[in-house]
Amino acid sequence: MHACLLIPEIVKLIFTNIYVYGTDGSLVNFGDHSFQRVARRSLAALSRACRSFKDIALDALWVKLDNLEPLFACLPRDLWTMTGDRKLLIKRPVTTADWSVFEQYASRVRILGNVDSDLFGGIDSEFVYAMMGFCSQSLLLPNLRTLYCKGYPHVLHPCMRYLLGPNLVYLLLVPPTEGFWSNIMPSVLSGLSRHSPQLEVVEFVGPYAMCPRVSELALCGLKHLRKVTLVLPSRGDLSWLSRLIGLQELRITLAGILPPLRSQFRTSYLDKLVIRSFNWTSSGSSVAGWVVPCRQLQLIPAFSESAVAVECVLRMLDKRLLFDVLEHILLDVVLEPADHIDNAFTLQTFSPLMRFSGLKEVDLSTFCISLLDDDDLGSIVKSWPRLECLHLGTRCFWQTPPKITFRGLVALLSTCPNLRNLGLVFDATKVDSPTAEKPGRGVRNTNITSFHVGFSPIEQPLQVAVALSAVLPCLGEFSVESLLSGGPGRAEREAKWGEVLEHISHTLIKKEESKATGSETRGLRRRST
Ligand SMILES: *[C@@H]1O[C@H](CO)[C@@H](O)[C@H](O)[C@H]1NC(C)=O
Ligand SMILES: *[C@@H]1O[C@H](CO)[C@@H](O)[C@H](O)[C@H]1NC(C)=O
């Protein structure tokens, strides 16, 4: 055996990579079951090949399970049988010897479940309960660190407690039925901080809302909690969120159409806050009693309202969620706003955001910005000199054509030198011809390689290419509005922007060639003298 293989750390690295990269070195797609089977078989063979490999190979083999079935299928063959519809039935009482087989593998599992499969697979509930009866510390998988729990049969509710161990750091629960949060789970979750005190990330996701009291009991005693995802009824009192000390990220969905209660949620700082709600107005009233300075803010209501309503909510959020620490803001809606002039943003809509000079990322790609002209855009971005990422109006098609022109784009590039990610709808039919005074003399951004132009109208690709490549010389990609929200002429526009790209890459190639031949001739000349 090669000396390398005597070092356990190296063997561990190699074996772990069999799962991640496969035996042929290609990155594994975890959804690829045939692949996983091969990887498992290789690890099982390795565990038998050499005594020093055994534990390391078994650890790698059992580290991640989609469901508990493989563990139960390792038990002696006279204990269980598999029916024609792949159900695992128990045949005789469990013995201590059976349990020690189970324990040997179960203690190696670190990750259980995935978001689309049942935790117990085809194991009959009687079989599960029989094994549970033997758990010494009421734990099936004592070293579990990550649990994704989507579905399991109703009758197995009480088993959840047997999966919440002291080493768990990540827990994701998707309620399989509406009664999930209200029946057995409250008693299990109220002891969460005792069962799993190391939890750092908890995701209680939809579609059903949880009782705020249950989530409070579940989360408030967790001292290491960093990230939380919750779906709560809009009428709930959320003041208890203030008691989550050390929280860095909160994603909250306020479900329901009832006007929200005013909660007093106060914290000194959040790295990221994401709020989903019914509409802009309900988002605003939900947070009317909050004081939550955050670095990244995302507001994503289901239904949009007029630009005036958006502006009004943004004003309300000042000193509630909007503080000087703000760096990233994303406003979006689940159902696109109707193509109506009242929904188009104006300079006024932006004004509540214009005092945040530390903004680095602004994403308003879902809204119509056709009413903004070059001067409006100029004054907006002048207040955001550190901008690195800007997306305005690019997602959908709007009846009103954009007023912003090439001049506005150039002013943007010159005001925000750190820009590297750009999406902007502008009127590309009015690009100055190359013979006229060159716009944006000296403005060049080489960090932008991809440009989302949304439904920007375009007529003459060559002219546009000449003008654009002067200010954005490294462009290698254009995209137009999404196919689902596309408007008339989308295909033609997409083709024209494709032509722009061809012209740009063609000029680039030519420039490279002339550079190359230029230096060659100089070299020749030098030699001849
Ligand atoms: C927004 O939601 C509230 C309920 O929270 C409702 O009263 C109001 O009518 C909604 N506004 C619009 C414009 O749909
Ligand atoms: C590109 O980005 C780097 C750092 O991200 C920055 O130093 C540089 O000035 C940028 N260049 C341009 C032309 O924007």
Side-chain angles (χ1 to χ4, degrees), residues 304 307 332-333 335-345 363-374 376-377 389-413 419-436 438-440 445 448-511:
S304 198
D332 200 353
V333 281
L335 297 171
E336 270 160 33
D339 192 352
H340 189 280
I341 200 81
D342 286 349
N343 294 337
F345 281 20
D363 190 336
L364 305 174
S365 47
T366 314
F367 306 96
C368 176
I369 58 142
S370 298
L371 299 182
L372 299 180
D373 62 19
D374 290 343
D376 296 335
L377 181 67
C389 178
L390 178 69
H391 287 269
L392 295 179
T394 48
R395 169 105 52 90
C396 323
F397 175 87
W398 304 97
Q399 294 296 339
T400 318
K403 272 198 205 155
I404 292 169
T405 68
F406 187 66
R407 194 172 65 84
L409 169 66
V410 173
L412 161 68
L413 296 175
L419 262 188
R420 50 188 170 72
N421 202 321
L422 178 62
L424 180 75
V425 171
F426 71 105
D427 184 353
T429 61
K430 293 185 191 134
V431 175
D432 303 309
S433 77
T435 49
K438 264 221 179 117
N445 180 318
I448 298 175
T449 53
S450 152
F451 189 1
H452 201 318
V453 294
F455 74 111
S456 299
I458 175 166
E459 276 160 12
Q460 296 176 312
L462 180 58
Q463 265 190 18
V464 173
V466 171
L468 270 186
S469 59
V471 289
L472 296 172
C474 297
L475 276 180
E477 188 187 0
F478 286 100
S479 36
V480 300
E481 81 264 26
S482 85
L483 200 54
L484 277 178
S485 319
R490 181 184 181 280
E492 289 86 338
R493 268 180 285 115
E494 194 170 34
K496 289 223 160 138
W497 283 106
E499 278 177 57
V500 175
L501 189 61
E502 260 170 44
H503 289 307
I504 290 181
S505 15
H506 194 65
T507 352
L508 274 182
I509 292 164
K510 267 184 143 171
K511 262 189 210 151

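All heavy atoms count here, side chains included; hydrogens, waters and symmetry mates do not.
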J.: Is any side-chain heavy atom of I369 closer than 4.5 Å to one of L424?
T.: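 Side chain of L424 against side chain of I369, heavy atoms only: contact under 4.5 Å found.
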J.: For the atom pair CD (Q463) and OG1 (T429), what is the distance rounded to the nearest 0.5 Å?
T.: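 Reported value, rounded in 0.5 Å steps: 10.0 Å.
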J.: Are the side chains of S370 and V425 in contact, using a 4.5 Å heavy-atom criterion?
T.: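 Of all side-chain heavy-atom pairs linking S370 with V425, none is under 4.5 Å.
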J.: Side-chain contact, heavy-atom cut-off 4.5 Å: K496 with R493?
T.: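 A side-chain contact is absent here, since even the closest heavy-atom pair is not under 4.5 Å.
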J.: Would you say that I341 contacts L371 through its side chain, given a criterion of any heavy-atom pair below 4.5 Å between the two side chains?
T.: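 Answer yes - side chains close enough.
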J.: Does some side-chain heavy atom of D332 sit less than 4.5 Å from a side-chain heavy atom of D363?
T.: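 No, too far: nothing below the 4.5 Å cut-off.
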J.: Find the distance between CZ (R407) and CG (L409) and round it off to the nearest 0.5 Å.
T.: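 CG of L409 is found 11.5 Å from CZ of R407.
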J.: Kindly say whether G487 contributes a backbone atom to a donor-acceptor pair with the side chain of E481 at under 3.5 angstrom?
T.: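 A pair under 3.5 Å: yes.
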J.: Does some side-chain heavy atom of L412 sit less than 4.5 Å from a side-chain heavy atom of I404?
T.: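 Heavy-atom side-chain distance check fails, nothing below 4.5 Å.
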J.: Where do V464 and A428 come nearest, in terms of heavy atoms and distance?
T.: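 Distance-wise, the nearest heavy atoms are CG2-O, 3.5 Å.
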J.: What distance separates L475 CG from I504 CD1, expressed to the nearest 0.5 Å?
T.: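 Spacing of CG (L475) from CD1 (I504) equals 5.0 Å.
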J.: Just so I know, are the side chains of L377 and L392 near enough to count as touching, which here means a heavy-atom distance under 4.5 Å?
T.: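 Touching, per the 4.5 Å side-chain cut-off.
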J.: Does the side-chain contact (heavy atoms from CB on, under 4.5 Å) test come out yes or no for F478 and L468, once each step is laid out?
T.: CA-CA 12 Å; F478 286 100; L468 270 186; 3.8 Å; yes
J.: Below 3.5 Å, can you tabulate the donor-acceptor pairs from side chains in residues 448-457 to any protein atom, sequence neighbours excluded?
T.:
| from | atom 1 | to | atom 2 | distance (Å) |
| --- | --- | --- | --- | --- |
| H452 | ND1 | G454 | N | 3.3 |
| H452 | ND1 | S479 | O | 3.3 |
| S456 | OG | F426 | N | 2.9 |
| S456 | OG | F426 | O | 3.2 |
| S456 | OG | V453 | O | 2.5 |

J.: Quick one about R395 and S482 (side-chain donor to acceptor, distance below 3.5 Å, no hydrogens or angles considered), yes or no?
T.: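 There is no such pair (donor and acceptor under 3.5 Å, judged by atom type) between the side chains of S482 and R395.
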J.: At their closest point, which heavy atom of T366 faces which heavy atom of C396, and how far apart are they?
T.: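 Heavy atoms only, the tightest pair is O-SG, 3.9 Å.
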J.: Between D373 (side chain only) and K403 (backbone N and O only), is there a donor and an acceptor less than 3.5 Å apart?
T.: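 No.
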J.: Which atom names give the shortest non-hydrogen contact between P337 and F367, and what distance separates them?
T.: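 Minimum heavy-atom separation between P337 and F367: CG-CD2, 4.2 Å.
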J.: Between F345 and A307, which heavy-atom pair has the shortest distance, and what is it?
T.: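 Closest approach of F345 to A307: CD1-CB, 4.0 Å.
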J.: Under the criterion side-chain contact (heavy atoms from CB on, under 4.5 Å), I'd like the reasoning laid out for H503 against V466: C-alpha separation, chi angles, the key distance, then a yes or no.
T.: CA-CA 8 Å; H503 289 307; V466 171; over 6 Å; no
J.: With heavy-atom distances below 4.5 Å as the criterion, would you say the side chains of V431 and E459 are in contact?
T.: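 They are not in contact (no side-chain heavy atoms under 4.5 Å apart), so the answer is no.
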